[in-house]
Amino acid sequence: MGSVSALEILKSRVADQQARGLTRRLVSVVPSCGRFVSVRGRRCLLMASNDYLGLAAHPRLAQASLEAALACGAGSGASRLISGTLEAHLELERAIARFKHTPAALFFPTGYMTNLGVVSTLAAEGDLIVSDQLNHASLIDACRLSHAEVQVYPHGDVARAEELLSQGPAHGMRLLVSDGVFSMDGDLAPLPALLAAARRQDALLVIDDAHATGVWGATGRGTMEHFGLEPGPEVVMLGTFSKALGGLGGFAAGAPEVIEALVHGARSLLYSTAPPPAQAAVALAALELVDAEPWRRERLHTLSALLRRRLAEAGLVVACESGPIVPMLTGSAQAALELAEGLWQRGVFAPAVRPPTVPEGASRIRLTVTAAHEEQDIEDAAQALILAAREAGL
Ligand SMILES: Cc1ncc(COP(=O)(O)O)c(C=O)c1O
């Protein structure tokens, strides 16, 4: 009896969400990366992936995965603190630290687990976290998990962030937390001002460069490089291998004291089995490719600029001025669904993004460009969006 009513409760919760136009479906996309995919039986140009450099299908990553699995096995067998730390993890962590110009780094199974582990270890009860309003869900969840006081500042408002930091506990930790590139909007955090504020307020600055690593900065090091900054000991850089780096896994890079604290306290690292050797090998190969194939980043930015130009010529307004994330706001969830359907009918796959992923009234289509695209793909995607937007009355 009890389990029947529990299932009824779950059904009615989902039905509530569906009644608000927020139905969620797991739609199969075949293959998962590259230029073209099959979605609901239609061949579509893929304009929704975070595989910004087009590395997910790179033969060198597949080869690295295969060789590591054949040499070291499919799994790591235990958590990092027991018997799960393999030479592949340590080699990768040295490479991440070199890549991010920090003294030390730590590899996590995913970016989400990185954020949970880092924020909830660095801040605890009695501490203060000051967090951007549009930070990624993983950072929001991490703040909740920490039991610290959390203060949210309006998006990008550094003056308010500093004011909140200045009201922090005299002896506790102050953490200033921001996405480096905001995942749904594509804009960059005002990093120079955030860093200056963190320094003045004796705070640690935690930057999640999930969408910046490999994409921003002359050599793809991320937002610090883009702004001409070097990470000092007060900066903790976070990132993921799941987007521009084409694989899976997250990392934290920073001062040895920070990494040591994470090894002692990050529960998402300590109480989860270590990533398999193949995952670490793929990540290492991807870091090498960022340096070996800089044309990918250049092409990505050239194609991103082309898409924006074509949309602007047609009078369409997008929410961000540069970079591979091109969001077009529709307001209502229903309008976003209609626009996504219009795109799919024209052979372009870019699903609707709706609350709670974005705030109420800020539903959108989020197009993403990758280095795997051809110039003609971008022309086709722009044309499809222009026609679908007209049809939807946007
Ligand atoms: C800003 C940001 N941080 C963290 C994550 C989580 O990374 P991962 O997919 O590796 O768990 C994502 C996306 O998924 C993200 O957009």
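Order of appearance sets the numbers: ligands from 1, and atoms from 1 within every ligand.
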* Within the distance-only criterion (no hydrogens, no angle test), does the side chain of R60 pair as donor or acceptor with the backbone N or O of A285 below 3.5 angstrom? -> no
Pair up each side-chain donor or acceptor in residues 63-71 with any protein partner under 3.5 Å, not counting sequence neighbours, and list the distances.
from : atom 1 : to  : atom 2 : distance (Å)
Q63  : NE2    : E67 : OE2    : 2.9

N/O to N/O under 3.5 Å, ligand 1 against protein:
from     : atom 1 : to   : atom 2 : distance (Å)
ligand 1 : 3 (N)  : D208 : OD2    : 2.6
ligand 1 : 9 (O)  : S242 : OG     : 3.3
ligand 1 : 10 (O) : G111 : N      : 2.8
ligand 1 : 10 (O) : T240 : OG1    : 2.7
ligand 1 : 10 (O) : S242 : OG     : 3.0
ligand 1 : 11 (O) : G111 : N      : 3.2
ligand 1 : 11 (O) : Y112 : N      : 2.9
ligand 1 : 14 (O) : K243 : NZ     : 2.9
ligand 1 : 16 (O) : H136 : NE2    : 3.4
ligand 1 : 16 (O) : H211 : NE2    : 2.6

* Structure fact -> Residues passing the ring-ring contact (aromatic ring centres under 6.0 Å, His included) test with H147, sequence neighbours excluded, are none
* Asked: Has R43 got its NZ or CZ under 6.0 Å from the middle of the six-membered ring of F36, at an angle within 45 degrees of the ring axis?
  -> yes
* Asked: Would you say the side-chain atoms of R40 pair up with the backbone N or O of V27, donor to acceptor, closer than 3.5 Å?
  -> no
* Go through the structure and list residues passing ring-ring contact (aromatic ring centres under 6.0 Å, His included) with F251, not counting sequence neighbours. => F241
